[in-house]
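Have a look at the structure below before the remarks.
In what follows, every heavy atom counts, from backbone to side chain, and hydrogens, waters and symmetry copies are set aside. Start at 1 and go down the list; that is how both ligands and their atoms are numbered.
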Amino acid sequence: MSYDPTAAATTADGTTTDAPPTLPTDRRTGCPFDPPAGLTALSDTPMRRLRYADGHVGRLVTGHAAARAVLADPRFSSRYELLHLPVSMAGMSGELPPAPVGDIIGLDAPEHSRYRRLLTGRFTVRRMRRLTERAEQLTSECLDAMEQAGPTVDLVEAFARPVPALMICELLGVPYAERDRFQSQVAILFDQTVGEGPKGEAYTALLQYLEELVLAKRAEPTDDLLSDLTSADLTDEELAGIGGLLLAAGLDTTMNMLGLGVFALFSNPDQLDALRADPGLAGQTAEELLRYLSVADPLLRSALEDVEVEGELIRAGETVTVSVQAANRDPRRFPDPDRLDIHRRATGHLAFGHGAHQCLGQQLARVEMAVALPALFARFPTLRLAVPPREVPLRDRANIYGVVSLPVTWDKE
Ligand code: HEM
């Protein structure tokens, strides 16, 4: 359905209002690490009306406290089929299909809680910390290969993509050598310019690959998460679906945090110097980059009943767009929020979400970032951008924000 953004709009309860704004997404002007200028302009109040791609009128939440309140409240549903999209994706603006089997992000309790319980026991802080040693080895191998290929490389292909890919493959027990069978499909799933048809084909191919793998693990379990999950009360279809979600989430998110994170550090040389001088700041740096960049944005919810948030009534049926990037720049929560400051205590940011759906892979992502960033800068003390910053291509039409490529260079000894 096409619409006139200047026209008056009809809300869920049938009343007519002045035309609310649509979600600003244009980052072409301004700093590539900041939220779109139009979004910052709408962040003067924690919550306001928002017009969606199909004309629906719901909410935009930009305040940190309001965002936490919405994400923690079970009266807000995550079910895809209840959501309206704030911007049109590949021409799609109407109803979304329900979550495919195993995609727990699009489920509510009690279905969601059942899967979540099975998974959380397997994603403990302790287990993820044990992966630190493995992350160090894999990072070091990637840096060896990068050194051989240099002194000018695309950091995304040489480093930001392989490190998390190797880690998630290792954790799940997916052979990295078979990455051609799943990497391109995952890229299609996260690309907003790709229509539903090709997305469906990519998802089917990914699931087919994982179903074969699940059968192999059932027949001959190995020491990994997928094998471990074969002992849980899950069908092959459920297991393949969960495997697909973990693989997709594990490949794309941390890759973008590493690529965009290095670009942000290059653009803030005082912060990069501080990290180089004290690699012990790596954990804090990862946390602050997560806050500052907020690559997984926005998060959508639908009100199942009338709910009051921060004194405002959200009507049943309204879709709420929680802008993580705006909430993580809320000056009431983070003083001087537009400054990248690796010495600040950035904990409490919402980059991994909040509430029932808070990211299951967050400890893994933290380990990957805290290991990979200092190792990269220690191996290449003269590492720098190989192109002017404005020539770095940005992933502004993808579900997860980042850089398409990051040409870097260094002085050979
Ligand atoms: C820096 C990297 C990452 C970021 C920024 C990130 C961000 C997020 C966010 C914001 C959510 C909440 C979605 C919502 O509430 O609607 C989420 C959920 C999730 N993430 Fe991550 N993620 C990252 C890495 C990972 C990794 C490495 C894995 C896999 C091992 C993973 C697996 C998941 C899963 C399974 C969920 C769904 C949890 C649920 O619905 O209960 N994530 N992530």
Side-chain angles (χ1 to χ4, degrees), residues 61 67-68 70-74 76-80 82-83 96 99 102-120 122-124 127-128 131 135 160 163-174 186 190 224-226 229 241-261 285-302 319-325 327-328 346 349-370 372-373 398-402:
V61 170
R68 266 176 67 98
V70 169
L71 295 174
D73 193 326
F76 290 102
S77 169
S78 290
R79 282 165 52 200
Y80 299 150
L82 299 181
L83 303 174
L96 293 177
D103 181 352
I104 67 169
I105 298 187
L107 296 180
D108 293 342
E111 293 87 355
H112 173 259
S113 342
R114 175 183 158 245
Y115 288 117
R116 180 91 192 187
R117 257 196 312 275
L118 288 175
L119 288 169
T120 32
R122 289 159 170 98
F123 272 90
T124 56
R127 189 170 198 163
M128 295 305 125
L131 280 176
V163 170
L166 281 158
M167 287 294 285
I168 191 70
C169 285
E170 173 115 352
L171 177 75
L172 282 174
V174 171
V186 169
F190 280 101
D224 50 61
L225 196 95
L226 264 191
L229 281 169
I242 289 173
L245 170 66
L246 293 175
L247 193 58
L251 284 176
D252 230 49
T253 47
T254 318
M255 170 185 94
N256 284 300
M257 271 310 301
L258 287 176
L260 193 65
T285 304
E287 220 56 51
E288 169 67 347
L289 285 170
L290 284 159
R291 176 197 75 84
Y292 183 66
L293 299 172
S294 304
V295 295
D297 181 73
L299 306 180
L300 303 184
R301 298 292 188 265
S302 172
T319 292
V320 181
T321 293
V322 176
S323 173
V324 172
Q325 25 172 356
N328 280 344
H349 65 71
L350 302 175
F352 289 121
H354 180 66
H357 290 273
Q358 199 181 33
C359 180
L360 259 175
Q362 59 183 290
Q363 300 307 343
L364 174 63
R366 287 191 169 104
V367 165
E368 290 172 350
M369 291 179 67
L373 290 173
N399 288 11
I400 312 284
Y401 183 56

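- Across every non-hydrogen atom of Asp224 and Glu170, the tightest pair is CB-O, 4.1 Å.
- Listed by chain and number, the residues in a side-chain hydrogen bond (donor to acceptor under 3.5 Å, both in side chains) with Ser77 are Asp108 (sequence neighbours excluded).
- Protein neighbours of ligand 1 below 4.0 Å, counting non-hydrogen atoms: Ile104, Ile105, His112, Arg116, Phe123, Ile168, Leu245, Leu246, Ala249, Gly250, Thr253, Thr254, Met257, Leu290, Ala296, Leu299, Arg301, Ala351, Phe352, Gly353, Ala356, His357, Cys359, Leu360, Gly361, Leu364, Ala365.
- With Met369 as the partner, the side-chain contact (heavy atoms from CB on, under 4.5 Å) test is satisfied by one option alone out of Leu258, Leu364, Val163, Thr285: Leu258.
- Atoms CG and CZ, on Asp73 and Arg68 in that order, are 13.0 Å from each other to the nearest 0.5 Å.
- Heavy atoms from other residues, nucleotides or ligands lying under 6.0 Å from CZ of Arg366 number more than 12.
- Between Ser78 and Leu83, the closest heavy-atom pair is O-CD1, 4.1 Å.
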